[in-house]
Amino acid sequence: MTTSVSAASAPSTAHSRGENRLGRIAFYIVCTALAALFLFPIVWTAISSVKPPPEASAVPPTFLPSRLDLGNFVKLNEYGRGVWNYVGNSAGTAVMTVIGATLLSTLAGYGFSRFQFRGKGLLFVMILMTLMIPFQSILIPLFLILTGLKLQNTLFGLALVYITFQLPFGVFIMRNSFDAVPREIEEAALLDGCSSLSMLYRVMLNIVRPGIITVGIYAFLNSWNEFLAALIFMTKETSFTLPILLTSVRSGYYGSIDWGALQAGLIVTIAPCILIFLLLQRYYISGLTGGATKG
Amino acid sequence: MSTVNLQISERRAQRAGGSIGRRSAGLFFVLPAVSFTVVFFILPLIFTVYMSLHDWPLLGDHKFIGLDNYSALLSDRQFWNSLWFTTRYTLLITPVIFILAFVLALLVSLPLPGVGIYRTVYFLPVVIGLGSSSLLWVWLLHDRVGVINAILTGLGVMDRPIIWLADSSYAMTAIIMSVVWKTVGFTMILLMTGMQAIPAELYEAAKVDGANYWARLRYIMMPLLRRTFALALILSVIGSYLGFDQFFIMTAGGPQNSTISVVYWIYKNSFTNFKLGYGASLSIVLLVILVILSVIQLRLLRDETSY
């Protein structure tokens, strides 16, 4: 699905040419002002993160850096085991979540779309129903389960939970993707003697790739950004993910907060999300509107 | 409902005779996802109910106490304060998000060059984590190093910096400001999608009949957007009711425990005080409240679709 706007998708205001032109100017002024407001917090963090450390914590704040300086990033690296440890934790969890969520969603989407079996409707509804139940309400037993499996403070344990949270959305999107594939393609492959698994692998996967990318982006962003479950399950400082590391940077060592390190940490945490969104925007929005119009 | 349709079509297909091999293959494909959902969602959900009937410390034995947790909850002042605080927060933030998102959606639906860039920019904060954005705003709002106080005092709006997050009269405003910035783009896109789904002919016809812009907005777009509003409203209300990150990070529940949301109170009981059974009973109550809220909203917005 594309997000392009057709010419008459909203009640248009234009009456005469003169009014039209004034309206346009007003539109661009208002929209640009709003855009500046929306961008300001992110841009301000980026600018401040490359100020020399004393300027990053200046009272009152200074505007532009006097010179470019990576001192804040160096100081960020002094927290705990160094920032790469935490980038690694977040990235490792996110990669496992992306792989697990796309794999499980694709298999299940294929199964629900193309096969008949006992209890199919019930199982599909069961997976989707978890969307209506906030994961916040089952964190206590999840905590006990992970502790029982000795998976507390492991990236793998956290990823298992994240994969599960991702399934209702993923299975829904993938079932729709497979539903949209014409039956003829499969029948031709069946005649050629493909088994179900090799058909999925050789024929279908290419066609449903946009759906897989959509599921992957959501899995990545949700895993990378998730806060509460990571806060509960990752209690050892070495296994913190980036958002949890940031809260400990914010509490500061010896009671004083290093604002420069916090700005640098925010940039490290935010930048991958923005980059991925800008690169794969189309897939991200299609996940949103696909869910919105059909859900 | 779609469940029924699914089951009917399934039965029909079985009668038509899908081969046995293909049947077990289907189960094989969905089994991994189903197992994950059972182990990490359905069982924990049942277990939450079970735990809520127990006195369950983190270490040591748990014992069955029937509905004692639930009766304790009724006389738990902080629970009621949290419930009221979360409700107030939801009632305040929802209209702000909706009015702003609606205006933004109208703007980014206009067929003008460059409008896609604005759409992307307004949506950008949505992809940042709520935890990160809350920390970002802690810094922006800080009384000494924060830029917001610097700008407001520089412009002469205020004489001296406000300590936003430590002052109960400003904390709510500050949190709402930061969460609106982070989430309004989401509602904007939902509303925009709904607006695009309205056939252009309807507007054209109304125009021919002499309806002006506002009349077309009020009598064509608004009624046809009802389903989209319902979906956006439910998602927004549920999101606000489950709020945790913003309160934990921005105010730590203060000042004087005035910004402890329900999820925050569950977290405190379970993972600070280690009263897991009590936390579980709070979770069940929250779950029931959310389901009721969703049903009410669906009803309210569905019953008037007589257009």
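Chain letters run A, B, ... following the sequence lines, proteins first and then strands; every chain starts at 1.
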Report the distance from atom [atom1] of [X] to atom [atom2] of [Y], rounding to the nearest 0.5 Å.
X: Leu45(B); Y: Ser137(A); atom1: CG; atom2: OG; value: 6.5 Å
X: Tyr110(A); Y: Phe28(B); atom1: OH; atom2: CZ; value: 11.0 Å
X: Leu262(A); Y: Trp139(B); atom1: CG; atom2: CH2; value: 8.0 Å
X: Phe277(A); Y: Phe123(B); atom1: CZ; atom2: CZ; value: 5.0 Å
X: Asp245(B); Y: Leu231(A); atom1: CG; atom2: CG; value: 9.0 Å
X: Phe29(B); Y: Phe178(A); atom1: CZ; atom2: CZ; value: 9.0 Å

Item to complete: Decide yes or no on side chain to side chain contact (heavy atoms under 4.5 Å, CB included) for Phe248(B) and Leu228(A), but give the supporting numbers first.
Response: CA-CA 10 Å; Phe248(B) 180 82; Leu228(A) 179 56; over 6 Å; no
Item to complete: Please confirm whether the backbone N or O of Ile249(B) pairs with a side-chain atom of Arg250(A), one donor and one acceptor, at under 3.5 Å?
Response: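 The answer is yes, because a donor-acceptor pair under 3.5 Å joins these two groups.
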Discussion item. Quick check against the 3.5 Å criterion: does Asn225(A) have a side-chain atom that pairs as donor or acceptor with the backbone of Val127(B)?
Written reply: yes
Check each atom of [X] against the heavy atoms of chain B and say whether the ones under 4.5 Å are side chain, backbone, both or neither.
X: Ile140(A); answer: both
X: Thr130(A); answer: both
X: Phe63(A); answer: neither
X: Glu226(A); answer: neither
X: Leu200(A); answer: side chain
X: Thr32(A); answer: both
X: Leu246(A); answer: both
X: Ile270(A); answer: side chain
X: Ile217(A); answer: neither

Contacting region of [X] [heavy-atom separation from chain A under 4.5 Å]:
X: Val39(B); result: backbone
X: Ile284(B); result: neither
X: Val34(B); result: both
X: Trp214(B); result: neither
X: Tyr241(B); result: neither
X: Tyr50(B); result: neither

Shortest non-hydrogen contact from [X] to [Y]?
X: Phe115(A); Y: Ala25(B); answer: CE2-CB, 3.8 Å
X: Leu167(A); Y: Ala33(B); answer: CD1-O, 3.6 Å
X: Pro113(B); Y: Arg24(A); answer: CD-NH1, 4.4 Å
X: Leu139(A); Y: Phe271(B); answer: O-CZ, 4.3 Å
X: Phe41(B); Y: Ile133(A); answer: CZ-O, 3.4 Å

Heavy-atom pairs under 4.5 Å with chain B are the metric here; pick the option from [options] that has the most.
options: Thr106(A), Leu160(A), Leu146(A); answer: Leu160(A)
options: Cys31(A), Ala108(A), Gly111(A), Ala101(A); answer: Cys31(A)
options: Ser57(A), Pro134(A), Pro60(A), Pro243(A); answer: Pro134(A)
options: Val161(A), Leu128(A), Ile232(A); answer: Ile232(A)
options: Gln263(A), Met132(A), Met129(A); answer: Gln263(A)
options: Ile145(A), Leu144(A), Thr269(A); answer: Leu144(A)

Most contacts with chain A, counted as non-hydrogen pairs under 4.5 angstrom, among [options]:
options: Ile128(B), Leu282(B), Leu104(B), Asn149(B); answer: Ile128(B)
options: Thr153(B), Leu130(B), Thr120(B), Leu58(B); answer: Thr120(B)
options: Leu242(B), Leu124(B), Leu290(B), Leu140(B); answer: Leu242(B)
options: Ile220(B), Leu276(B), Leu287(B), Leu135(B); answer: Leu135(B)
options: Phe244(B), Phe47(B), Trp181(B); answer: Trp181(B)
options: Pro44(B), Gly129(B), Gly131(B), Ala211(B); answer: Pro44(B)

Discussion item. Evaluate Thr193(B) against Ile285(A) for side chain to side chain contact (heavy atoms under 4.5 Å, CB included), listing each step before the verdict.
Written reply: CA-CA 10 Å; Thr193(B) 315; Ile285(A) 301 289; over 6 Å; no
Fill in: side chain to side chain contact (heavy atoms under 4.5 Å, CB included) between Phe143(A) and Ser270(B), intermediate numbers included
CA-CA 10 Å; Phe143(A) 173 78; Ser270(B) 313; over 6 Å; no
Item to complete: Would you sort out whether Phe135(A) and Phe40(B) count as a side chain to side chain contact (heavy atoms under 4.5 Å, CB included), showing the intermediate values?
Response: CA-CA 10 Å; Phe135(A) 74 85; Phe40(B) 295 109; over 6 Å; no
For residues 33-46 of chain A, tabulate all N or O donor-acceptor pairs below 3.5 Å that involve a side-chain atom, not counting sequence neighbours.
residue  : atom : partner  : partner atom : Å
Thr45(A) : OG1  : Pro41(A) : O            : 2.6

Discussion item. Would you say CD1 of Ile117(B) has more than 12 non-hydrogen atoms from neighbouring residues, nucleotides or ligands within 6.0 angstrom?
Written reply: no
Worksheet item: With a 4.5 Å limit on heavy-atom distance, are the side chains of Tyr284(A) and Ile189(B) in contact?
Response: no
Worksheet item: Less than 4.5 Å apart, any side-chain heavy atom of Thr37(B) and any of Met126(A)?
Response: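 Heavy-atom side-chain distance check passes, below 4.5 Å.
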Discussion item. Applying salt bridge (Lys or Arg N to Asp or Glu O under 4.0 Å), can you list everything that pairs with Asp143(B), at least two apart in sequence or on another chain?
Written reply: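 For Asp143(B) there are no salt bridge (Lys or Arg N to Asp or Glu O under 4.0 Å) partners, ignoring immediate neighbours.
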